[in-house]
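Reminder, nothing fancy here: chain letters follow the sequence lines and each chain counts from 1.
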There are 2 protein chains.
Amino acid sequence: MSNGSLEVMQNVSANLRLARQQQGYSQERLAELAGISRRMLVNIEAGESNASIATVDKLASALGMSFAEVVRPPPLADKELGLPLRIWQGVQDDSHGSLLESVLKPGMTLELWRWQLAAGDSYHAEADAPGCHEVLYMLDGQLELLLPQQQQRHVLQAGQSLTFALDQVYSYHNPGLVVCAFTKSILMYPHA
Amino acid sequence: MSNGSLEVMQNVSANLRLARQQQGYSQERLAELAGISRRMLVNIEAGESNASIATVDKLASALGMSFAEVVRPPPLADKELGLPLRIWQGVQDDSHGSLLESVLKPGMTLELWRWQLAAGDSYHAEADAPGCHEVLYMLDGQLELLLPQQQQRHVLQAGQSLTFALDQVYSYHNPGLVVCAFTKSILMYPHA
DNA sequence: ATAACAAGTGCATTATATTGCACTTATCCC
DNA sequence: GGGATAAGTGCAATATAATGCACTTGTTAT
């Protein structure tokens, strides 16, 4: 039992219920997928249970989420496309649900972009000037980064970040089934 | 019981043991501080127990850590596969529903943070060194930024961004009814 | 050598997470 | 109306997390 006062469990119940509803599962179906009883899921969603790590992990997996995602404080609710954005520079939009926009005025030593790539979408970029570095921070979903010159391929998850030099070709790809979102910072001055 | 195969519990045991030793606590002392039995702590550190959320949370608190910190993969996950490329799993620090997460390793000329402020929560900061600039980009909710030295007050909405110099006091406040989230970039110019 | 402390083990006991089932309530559809 | 699905409740039964204690092992210090 245990009262629902534990903050972490409150996060768990809120996140689970939201994710379950967004994916269109009933409690019974999700419990079945996770391999736990529906009774337990009811308790967890109601915040009336102090679940074990394993139980929460089963539910996270069944929903395609990481444990950290389920445990973290309230979700970035309206993740879907079309949230109000103030745009400083032109928007390049490639029709099927992807979105590229510059968050900052151009001409600074820092560029800041917010990107969304639709499921399955890709983007290829040529090499930029030496001394430029990119900082990528995943907000939602998954992103696959390809660096052919280094024969490297990385899959980034929400919450992870990655830094690399921009004097090489690279390409993005969204391997997931849902739209992914990330911020892309470009540092313009030379740096060790 | 449960075998020690669950990845999250492996993280928990490794992180707890490391933090406990770094802070110079014996198992008995930590168990006492956390309000759990020493036997349980032994099991958890040995990875032989599928602990409950509440138990892990008690231990995290006793060590001055956040739940997320205890659950995250060990810091060695700092995988440096290729030299110019770094993946970094953010370090979180959440208290009473707000969340401050360092997205990048410290020590770069660019810092990148992800913040969440609980509804009604505030944060006050003293003046930083000249030459530092902040770029704030709202992801969700509302944020009120106060710059008392300039007698300015700005309310930012999701999608908006704002830049200001850090050589002055400033404070954040979440005036909304829901949690707000934003990224906070700090640019550190070597000079000027 | 003895004492003292920290860490690990085995096991019976207790507390509680988890299950299963029967039931209610509400909504939607034919 | 009746039938179907989804969500929530109460309660006994079971599995297991969590406790307490006695014990071993290893280390350090006097």
Side-chain angles (χ1 to χ4, degrees), chain A residues 1-65 67 70-71 74-75 77, chain B residues 1-65 67 70-71 74:
Chain A
M1 266 178 229
S2 106
N3 54 21
S5 62
L6 187 56
E7 182 186 320
V8 185
M9 275 311 296
Q10 290 178 359
N11 299 338
V12 169
S13 58
N15 290 329
L16 284 181
R17 166 159 271 156
L18 181 63
R20 175 178 66 81
Q21 290 174 340
Q22 283 182 343
Q23 300 186 28
Y25 290 137
S26 67
Q27 289 179 339
E28 182 156 16
R29 179 75 184 126
L30 176 57
E32 183 186 10
L33 286 173
I36 69 170
S37 67
R38 187 178 75 93
R39 192 63 181 85
M40 193 65 229
L41 180 53
V42 170
N43 281 340
I44 292 177
E45 284 195 356
E48 289 166 356
S49 176
N50 166 31
S52 71
I53 300 282
T55 302
V56 174
D57 194 65
K58 285 181 197 168
L59 286 165
S61 302
L63 288 166
M65 306 171 73
F67 184 86
V70 172
V71 154
Chain B
M1 264 178 238
S2 101
N3 52 22
S5 63
L6 187 57
E7 180 186 324
V8 184
M9 275 310 296
Q10 290 178 0
N11 299 339
V12 169
S13 57
N15 290 328
L16 284 181
R17 167 160 272 157
L18 181 63
R20 176 178 66 80
Q21 290 174 341
Q22 283 181 345
Q23 297 187 29
Y25 290 138
S26 67
Q27 289 179 339
E28 182 156 16
R29 179 75 184 125
L30 175 57
E32 183 187 10
L33 287 173
I36 70 170
S37 67
R38 186 177 76 94
R39 193 64 180 86
M40 194 65 229
L41 179 54
V42 170
N43 281 340
I44 292 176
E45 285 195 354
E48 290 167 354
S49 175
N50 167 32
S52 72
I53 299 281
T55 301
V56 174
D57 195 65
K58 285 182 198 167
L59 285 165
S61 302
L63 288 166
M65 306 170 73
F67 184 86
V70 172
V71 152

Touch class at under 4.0 angstrom, heavy-atom based, for Arg29(B) against every strand present: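 It contacts nothing in the nucleic acid.
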
Touch class at under 4.0 angstrom, heavy-atom based, for Arg20(A) against every strand present: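 The residue Arg20(A) makes sugar-phosphate contact but no base contact.
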
Leu59(B) side chain reached by Val12(B) side chain, heavy atoms, under 4.5 Å: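 Heavy-atom side-chain distance check fails, nothing below 4.5 Å.
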
Student check: side-chain heavy atoms of Val71(B) and Val71(A) closer than 4.5 Å: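 Heavy-atom side-chain distance check fails, nothing below 4.5 Å.
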
Arg38(B) (side chain) donor-acceptor with Gln27(B) (main chain) under 3.5 angstrom: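 A pair under 3.5 Å: no.
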
Donor-acceptor contact present, side-chain Asn50(B) to main-chain Ala54(A), <3.5 Å: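 Between the backbone of Ala54(A) and the side chain of Asn50(B) there is a qualifying donor-acceptor contact (under 3.5 Å).
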
If I take atom [atom1] in residue [X] and atom [atom2] in nucleotide [N], what distance separates them, rounded to the nearest angstrom?
{"X": "Leu6(B)", "N": "dT16(D)", "atom1": "CG", "atom2": "P", "result": "15 Å"}
{"X": "Glu45(A)", "N": "dA6(D)", "atom1": "CD", "atom2": "P", "result": "14 Å"}
{"X": "Tyr25(A)", "N": "dA6(D)", "atom1": "OH", "atom2": "P", "result": "13 Å"}
{"X": "Leu41(B)", "N": "dA18(D)", "atom1": "CG", "atom2": "P", "result": "12 Å"}
{"X": "Glu32(A)", "N": "dG20(C)", "atom1": "CD", "atom2": "P", "result": "12 Å"}
{"X": "Ile36(A)", "N": "dA15(D)", "atom1": "CD1", "atom2": "P", "result": "18 Å"}
{"X": "Glu48(B)", "N": "dG8(C)", "atom1": "CD", "atom2": "P", "result": "10 Å"}
{"X": "Met40(B)", "N": "dG8(C)", "atom1": "CE", "atom2": "P", "result": "14 Å"}

Taking every non-hydrogen atom, the tightest pair across Thr55(A) and Met40(A):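 So the minimum-distance heavy-atom pair works out to CG2-CG, 4.4 Å.
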
Distance-minimising heavy-atom pair for Met9(B) and Ile53(A):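 Smallest interatomic distance, heavy atoms only, reads SD-CG1, 3.7 Å.
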
Neighbours of DNA chain D within residues 51-60 of chain A, by heavy-atom distance under 4.0 Å: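 The stretch gives none, as no residue of it lies under 4.0 Å from the strand.
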
5′-ward residue of the pair Gln27(B)/Ile44(A) relative to DNA chain C: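 Of the two residues, Gln27(B) wins.
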
Upstream residue (5' side of DNA chain C) when Asn43(A) and Gln21(B) are each assigned their closest nucleotide: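 Taking each residue's closest nucleotide, the earlier one in sequence belongs to Gln21(B).
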
Nucleotide nearest Ser26(A) (side chain, heavy atoms from C-beta), chosen from dA7(D), dA18(D), dT9(D):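 Within the option list, the nearest is dA7(D).
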
Selected nucleotide, minimal atom distance to Arg38(A) side chain, candidates dG8(D), dA6(C), dA22(D):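 Looking only at heavy atoms from C-beta outward on Arg38(A), the closest nucleotide is dG8(D).
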
Leu6(B) CG to Phe67(A) CZ distance, which is reported to the nearest 0.5 Å: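 Rounded to the nearest 0.5 Å, the CG-CZ separation comes to 8.0 Å.
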
Short side-chain N/O contact to dG8(C) OP1/OP2 from Arg17(B), under 4.0 Å: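 It does, given that an N or O in the side chain of Arg17(B) lies less than 4.0 Å from OP1 or OP2 of dG8(C).
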
N/O donor-acceptor pair, side chain Arg39(A) with base dG8(D), under 3.5 angstrom: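 Looking at the base of dG8(D), it does not pair with any donor or acceptor on the side chain of Arg39(A) (distance under 3.5 Å).
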
